[in-house]
Amino acid sequence: MPGPASAVRAAFLSVKDAAAYLGMSPHTLYVWRHRRQGPPSFRMGPRGRVMYRQAALDAWIHEQERADSRSNPALNPLSATPQQRRNLGA
């Protein structure tokens, strides 16, 4: 049966674990953190290790899906109704 330590490990991910979870390189997460892009992260512990909450990663992934027109039909420009041109010269 998993104990409290394993629950903490599941809730908080290191850069390496978060990168594996997202399917990308740890370097990409470091670059995004430096640029203040990507999923939210924070420093934890006496050494100030960069950590990610798994729930925050899941929320960030969902946000990326909603912002992509290929995943969100409401954002697809091809599904918008065409606008009528106004005749300005009468």
Side-chain angles (χ1 to χ4, degrees):
M1 178 157 190
S6 64
V8 169
R9 280 193 295 271
F12 301 106
L13 302 175
S14 67
V15 173
K16 182 179 176 183
D17 293 336
Y21 184 75
L22 295 171
M24 59 183 54
S25 75
H27 178 73
T28 299
L29 286 180
Y30 279 119
V31 170
W32 284 353
R33 180 174 164 77
H34 176 72
R35 294 180 181 171
R36 298 184 185 270
Q37 297 174 320
S41 61
F42 60 97
R43 292 195 175 273
M44 183 167 81
R47 292 184 175 167
R49 292 181 58 196
V50 175
M51 302 295 285
Y52 294 84
R53 286 186 183 270
Q54 186 171 347
L57 293 176
D58 291 337
W60 182 79
I61 291 168
H62 183 68
E63 182 181 311
Q64 300 308 301
E65 290 172 340
R66 286 193 339 237
D68 188 343
S69 64
R70 291 169 290 191
S71 300
N72 186 346
L75 298 176
N76 186 343
L78 298 176
S79 64
T81 56
Q83 296 179 352
Q84 297 291 325
R85 287 189 159 188
R86 293 180 7 201
N87 188 356
L88 299 178

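Here, residue 1 is the first one in the sequence, and each next residue gets the next number.
Residues I61 and P39 form no side-chain contact, since every pair of their non-hydrogen atoms from C-beta on lies 4.5 Å or further apart.
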- Might you work through the side chain to side chain contact (heavy atoms under 4.5 Å, CB included) test for R43 and V50, ending with a clear yes or no? CA-CA 4 Å; R43 292 195 175 273; V50 175; 3.6 Å; yes
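The two residues A19 and P26 have their closest heavy-atom pair at CB-N, 3.5 Å. In terms of heavy atoms, S14 sits closest to Y52 at O-CD1, 4.3 Å.
Hydrophobic clustering of Ile, Leu, Val, Met, Phe, Trp and Tyr side chains at less than 4.5 Å, counting indirect connections, unites L57 with M24.
Distance CZ/R53 to CZ/F12: 4.0 Å, rounded to 0.5 Å. How far CH2 of W60 is from CG of L22: 6.0 Å, rounded to the nearest 0.5 Å.
For residues 25-38, the pairs satisfying side chain to side chain donor-acceptor pair (under 3.5 Å) are S25-T28, R33-S41, with sequence neighbours left out.
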